[in-house]
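Contents: one structure, followed by commentary.
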There are 2 protein chains.
Amino acid sequence: MELPSRLLENAVDEISQLPGIGKRTALRLALHLLRQPENQTLLLSSALEKMRKEIQYCKQCHNISDSETCKICESNTRNKSIICVVEDVRDVMAIEGTGSFKGVYHVLGGKINPIEGIGPSQLNISSLVAKVSKGDISEVIFALSSTMEGDTTNFYIYKQLKEYSVLTSTIARGISIGDELEYADEVTLGRSLMHRIPFEQSIKQV
Amino acid sequence: MELPSRLLENAVDEISQLPGIGKRTALRLALHLLRQPENQTLLLSSALEKMRKEIQYCKQCHNISDSETCKICESNTRNKSIICVVEDVRDVMAIEGTGSFKGVYHVLGGKINPIEGIGPSQLNISSLVAKVSKGDISEVIFALSSTMEGDTTNFYIYKQLKEYSVLTSTIARGISIGDELEYADEVTLGRSLMHRIPFEQSIKQV
């Protein structure tokens with residue numbers, strides 16, 4: 001694919017570095033920007049630049065923030081002794097969306113993934129251990145996705161926290177609300193049977 | 001979806017202005033950029049800005065170009081009396097890819113589309129008529145996509161060119177090479193029968 005302009009080619013090359021965007025889509029996006037008023041492209045490029053240069057991470061929980069401490073960690077209504085460990089900011093948003101968690105978060109910034117070269121030292125694990133070691137934390141909830149990498153990360157952190165008197169728990173795995181049993185995968189169905197809960201308790205939760 | 005940072009929100013808003021990219025994908029892309037080295041974002045934003053500010057359009061054919069006249073219009077080996085009318089730069093690239101056209105192009109920059117508010121005056125039609133009116137052009141080939149909008153545009157230009165002694169033609173519609181007949185749509189199959197060509201001619205073309 002030979003492009004008629006070096007400037008266009010350069011833009012297409014950079015856009016296609018983004019995940020899930022190939023050269024063809026990148027060209028479509030670049031041509032779209034060329035058809036739009038110049039201002040739209042300038043707003044986009046300056047928003048990207050500003051975000052990358054000025055964004056901060058909360059000193060407490062490593063969540064993305066516009067200030068040194070994020071709103072959740074600053075809030076007086078949150079229970080600071082319960083920490084929910086998540087992978088990234090999208091998981092914080094998902095859990096906040098449920099409105100059912102009143103503790104604080106700890107954002108790891110990824111999962112242990114030897115294939116992609118991500119080890120424990122690249123994640124925000126030591127600061128979590130440091131927080132727990134001070135003794136003010138009563139419970140650490142693991143809310144990582146249920147994959148090989150998520151389970152490995154859970155287990156690694158669990159071992160690091162073992163020496164401190166802190167309760168560790170993991171979010172329940174089971175059949176999604178509204179799902180048909182027959183379409184559930186075997187592992188999920190098996191686990192949801194193993195970790196069954198008293199019926200009275202399930203009614204109260206609703 | 002409440003984002004924890006105004007800077008991130010701003011970037012997500014701008015990215016999601018692009019066609020086919022929703023808020024969720026925009027957030028995924030923004031978080032990806034935050035995980036990558038700062039340089040990648042800066043290269044992307046400056047490539048976009050530079051492209052939008054500095055790109056030029058060929059004075060002859062309106063194709064995207066880094067100079068006043070594009071390489072195709074400048075070339076001595078192209079037949080300047082045959083003009084192929086296309087919608088945008090991607091069509092030029094597609095036809096150039098076949099290696100079977102040795103004339104020059106005229107890029108309209110879109111199709112007549114009343115629903116989207118695109119009329120003939122927003123397209124590069126008058127410059128095509130002006131070129132033809134000088135009398136040096138022997139043939140104008142319409143190579144727009146075979147949609148309602150494409151056909152409307154073809155017909156509009158055809159009427160504008162009618163008063164000049166110029167041959168107008170349109171690219172052949174028919175069954176794609178390698179396609180099974182039974183899966184072809186009725187209109188295409190009907191047209192390919194109507195516009196059948198002598199067998200000897202079809203052998204020569206291969």
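To find a chain, count down the sequence lines: A is the first, B the second, and so on, and within it residues start at 1. For the numbers below, each heavy atom of this structure counts, side chains included, while hydrogens, waters and symmetry mates do not.
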Please state whether the side chain, the backbone, both or neither of B:Ile21 comes within less than 4.5 Å of a heavy atom of chain A. side chain
Between A:Asn63, A:Thr25, A:Leu31, which residue shows the highest count of heavy-atom pairs closer than 4.5 Å to chain B? A:Leu31
State the CG-CG distance between A:Leu8 and B:Asp66, to the nearest 0.5 angstrom. 8.5 Å
Side chain, backbone, both or neither: which part of B:Asp88 has a non-hydrogen atom closer than 4.5 Å to chain A? side chain
Starting at OG1 of B:Thr41, measure out to NZ of A:Lys53 and round the result to the nearest 0.5 Å. 10.5 Å
Looking only at non-hydrogen atoms, find the nearest pair between B:Leu7 and A:Met51 and report the distance. O-CB, 4.0 Å
Using a cut-off of 6.0 Å, state whether more than 12 heavy atoms not belonging to B:Tyr164 lie near its atom OH. yes
Just wondering, are more than 12 heavy atoms of other shown residues or ligands nearer than 6.0 Å to CD in B:Glu139? yes
Choice from A:Ala47, A:Ser65, A:Pro19, A:Ala11 maximising heavy atom contacts with chain B below 4.5 Å: A:Pro19
Taking everything shown except A:Arg6 itself, do over 12 heavy atoms lie less than 6.0 Å from its CZ? no
Would you find a donor on one side and an acceptor on the other, under 3.5 Å apart, between the side chain of B:Arg52 and the backbone of A:Gln36? yes
Relative to chain B, which segment of A:Glu96 carries a heavy atom at a distance below 4.5 Å: side chain, backbone, both, or neither? neither
Please classify the contact between B:Gln56 and chain A as side chain, backbone, both or neither, with a heavy-atom cut-off of under 4.5 Å. neither
pair B:Val92-A:Pro4: side-chain heavy atoms closer than 4.5 Å: no
Point-to-point distance, once rounded to the nearest 0.5 Å, from CD of A:Glu54 to CG of B:Asn10: 10.5 Å
Report yes if some heavy atom in the side chain of A:Gln17 is under 4.5 Å from a heavy atom in the side chain of B:Leu44; otherwise report no. no
Nearest-0.5 Å distance that lies between atom CG in B:Leu48 and atom CD in A:Gln40: 11.0 Å
Please tell me if the side chains of B:Ser5 and A:Ile55 come closer than 4.5 Å, counting only heavy atoms from C-beta onward. yes
Measure distances from B:Leu34 to the heavy atoms of chain A and classify the residue's part below 4.5 Å as side chain, backbone, both or neither. both
Measure the CE-CG distance between B:Met93 and A:Leu27 for me, rounded to the nearest 0.5 Å. 5.0 Å
Need one label for A:Ala94: side chain, backbone, both or neither, based on atoms under 4.5 Å from any heavy atom in chain B. neither
Pairs of heavy atoms under 4.5 Å with chain B: top-ranked of A:Glu49, A:Arg35, A:Glu38, A:Arg90: A:Glu38
Flag yes if more than 12 heavy atoms outside B:Lys50 fall under 6.0 Å of its NZ atom; otherwise flag no. no
Does any heavy atom of chain A fall under 4.5 Å from the side chain of B:Ile64, the backbone, both, or neither of them? both
Relative to chain B, which of A:Ala30, A:Cys70, A:Ser67 shows the most heavy atom pairs under 4.5 Å? A:Ala30
